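Worksheet for the structure shown next.
The basis for the numbers below is simple: all heavy atoms, side chains too, and nothing from hydrogens, waters or symmetry mates. Predicted model, so just to flag it, every value in this text is computed and none were measured. The chains referred to below are lettered A, B, ... by the order of the sequence lines, with proteins before strands, and numbering in each begins at 1.
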There are 2 protein chains.
Amino acid sequence: MTVPTGRRERKKAVTRQKIADAALRLFLERGYDAVGIRDVAAEADVAVTTLFSHFASKEALVFEQGEDFEQRLTRAVTDRAPHEPLIPALRREIQALVRHCAADSAAPVWRMIDASPALRDYEESMRRRHAESLATAIAADPGLSRTPTACRAIARFVIDAYSLARAAADPKATVDEIFQMIEAAWEVTCPSAHSTGRAGS
Amino acid sequence: MTVPTGRRERKKAVTRQKIADAALRLFLERGYDAVGIRDVAAEADVAVTTLFSHFASKEALVFEQGEDFEQRLTRAVTDRAPHEPLIPALRREIQALVRHCAADSAAPVWRMIDASPALRDYEESMRRRHAESLATAIAADPGLSRTPTACRAIARFVIDAYSLARAAADPKATVDEIFQMIEAAWEVTCPSAHSTGRAGS
DNA sequence: GACCGTAACACTAACGGTTAGTGTTTTGTA
DNA sequence: TACAAAACACTAACCGTTAGTGTTACGGTC
């Protein structure tokens, strides 16, 4: 039983945060590649092995924090209004996510990520996992009965939109442009014949 | 001056092939993760540094061989018949590439790749570079004047189709299904008028 | 044919991320 | 209070990769 109440949990969270803070501070100060794991561990005053018991990799020190990404996308699907069409809901969420990166107080972090190939690769492979979750969420919605392949494809396209928009000069316009394409791609997968209208349930 | 005729070039190519062969043999025998760089170097009877002067990384030992991928895609764009539409040409090429992986004598290699996260990640980040080349090729075609964003998006979608199809139970059908979506997405970017669904910004 | 610049190759040693192995302390619960 | 589990620490290593330093073999030139 035992609701994992917990002092231990709290201490663990504190240690984790201490590590994450130290890492981010050093990374922003000296640059991601110029800071070693041993530096971070020393700065956070923990052992290297302790660091790795909290974070799976060096890259995770950057990403595995308040990243709602996956949840926010799947919830944009599952929690949308009863008859709201899928694609606009996703577009709105992607817009919000992109805005959050571009104009945020956390902009230096994203500049750092863009500056390091290791971090960019890590992010992309993360996003691929997110795409799979998103595909599952879409496939699970009884209102839109599409093939698994169509769901997976659309999920990838949405992630592509995010990825391209984040690198673009005008992120907002980029999202809009790509989502027009996604909308068209989605409608053509509609099971009930095809025309402009969508079938809903 | 001097077509780089060459005994030296030949010897270099031989060494490179010797390394690649040794690597592939060991990888297939014991599994990619169970074989170290030092093992490969020893098997090929070269020094570790020599190995790395021929291949940029361990993963490159698997991929950096007869991989036409990038060229084949860009050529499918640039070398297609004068008035042949873009998307069907790309679809044909992707079909060929997927078939080549799935039913080939080289199937064990692809099974090995799918079994190793490191290799999968490497492949994906490779494909992303390929997508950029493809986008450039599409953007350079004077026959289809689309925005850079539309070109980049379509290029990504095409790569997604390849990626999803390779993992699917029925690759051919998967390519066909996703390319119907891509076709729709591409047509909606046509510069020659048509009512836009909404106003954008 | 001797000569020189260059590129391939080798060897040692190391660096940086990551993990195994082995305790030691803390903490929740019996 | 005692015990099991989990966090934490430390050493030492593994593995991919690179720097530094030579040595050798080739190709083009005089």
Side-chain angles (χ1 to χ4, degrees), chain A residues 1-20 22-24 26-27 30-64 116-123 125-126, chain B residues 1-23 26-27 30-64 116-123 125-126:
Chain A
M1 329 201 349
T2 72
V3 185
T5 44
R7 164 149 65 227
R8 189 138 71 189
E9 311 252 323
R10 248 177 296 139
K11 286 192 106 173
K12 181 168 182 175
V14 166
T15 299
R16 186 191 159 91
Q17 199 57 42
K18 193 170 58 171
I19 295 171
L24 206 54
L26 290 184
F27 289 161
R30 306 186 210 159
Y32 178 80
D33 295 318
V35 177
I37 282 289
R38 291 160 179 87
D39 299 329
V40 176
E43 178 83 3
D45 197 33
V46 297
V48 172
T49 47
T50 301
L51 187 155
F52 276 108
S53 76
H54 285 274
F55 296 89
S57 67
K58 188 188 182 187
E59 294 90 25
L61 284 169
V62 175
F63 286 105
E64 208 161 296
S116 160
L119 284 176
R120 283 205 309 271
D121 284 355
Y122 184 87
E123 183 184 3
S125 85
M126 232 181 129
Chain B
M1 49 172 242
T2 71
V3 184
T5 45
R7 166 148 62 225
R8 191 141 69 189
E9 312 251 323
R10 246 177 298 139
K11 287 191 105 173
K12 180 169 182 176
V14 165
T15 299
R16 186 190 160 91
Q17 199 57 42
K18 192 171 57 170
I19 295 171
D21 290 346
L26 291 184
F27 288 161
R30 305 186 210 159
Y32 179 80
D33 294 317
V35 176
I37 284 289
R38 291 160 179 87
D39 298 330
V40 176
E43 179 83 3
D45 197 34
V46 298
V48 172
T49 47
T50 301
L51 188 155
F52 276 109
S53 77
H54 285 272
F55 295 90
S57 65
K58 188 187 181 187
E59 293 88 27
L61 284 169
V62 175
F63 286 105
E64 208 162 296
S116 159
L119 284 176
R120 283 205 309 270
D121 283 356
Y122 184 87
E123 182 183 4
S125 87
M126 232 181 131

**Complete:** To the nearest 0.5 Å, atom CG of A/Leu51 lies from atom OG1 of A/Thr15 at 11.0 Å
**For atom NZ of B/Lys12 and atom C1' of D/dC26, their distance in whole Å** = 13 Å
**Rounded distance in Å - CG (A/Leu61) to P (C/dG16)** = 16 Å
**Item:** B/Leu51 CG - C/dA8 P separation (whole Å)
**Value:** 14 Å
**Request:** Considering just the side-chain nitrogens and oxygens of B/Ser53, establish if one lies under 4.0 Å of OP1 or OP2 belonging to C/dA8.
**Result:** no
**Message:** Measure CZ/A/Arg10 against C1'/C/dG28 and give the value in whole Å, please.
**Reply:** 12 Å
**Complete:** dist B/Asp21:CG -> B/Arg16:CZ (nearest 0.5 Å) comes out at 11.0 Å
**Letter per nucleotide, 5' to 3', of nucleotides 15-23 of chain D [B base touched, S only sugar-phosphate touched, - untouched; heavy atoms, 4.0 Å]** = SBBBB----
**Prompt:** Which residues satisfy the side chain to side chain donor-acceptor pair (under 3.5 Å) test with B/Ser125, sequence neighbours excluded?
**Reply:** none
**Fill in**
One should read off an interatomic distance between B/His54 NE2 and B/Lys18 NZ, to the nearest 0.5 angstrom, of 9.0 Å
**Asked** Should A/Phe63 and A/Leu119 be marked as a side chain to side chain contact (heavy atoms under 4.5 Å, CB included) after you check the CA-CA gap, both sets of side-chain angles, and the distance that decides it?
**Response** CA-CA 9 Å; A/Phe63 286 105; A/Leu119 284 176; 3.9 Å; yes
**Asked** Does D/dC26 have OP1 or OP2 sitting under 4.0 Å from an N or O in the side chain of B/Lys11?
**Response** yes
**Request:** Output the distance between atom CD1 (A/Ile19) and atom CG (A/Asp45), rounded to the nearest 0.5 Å.
**Result:** 10.5 Å
**Message:** Does C/dC9 have its OP1 or OP2 closer than 4.0 Å to a side-chain nitrogen or oxygen of B/His54?
**Reply:** yes
**Asked** Which is true for B/Asp45 with a 4.0 Å heavy-atom rule: it touches a base, it touches only sugar-phosphate, or it touches nothing?
**Response** sugar-phosphate
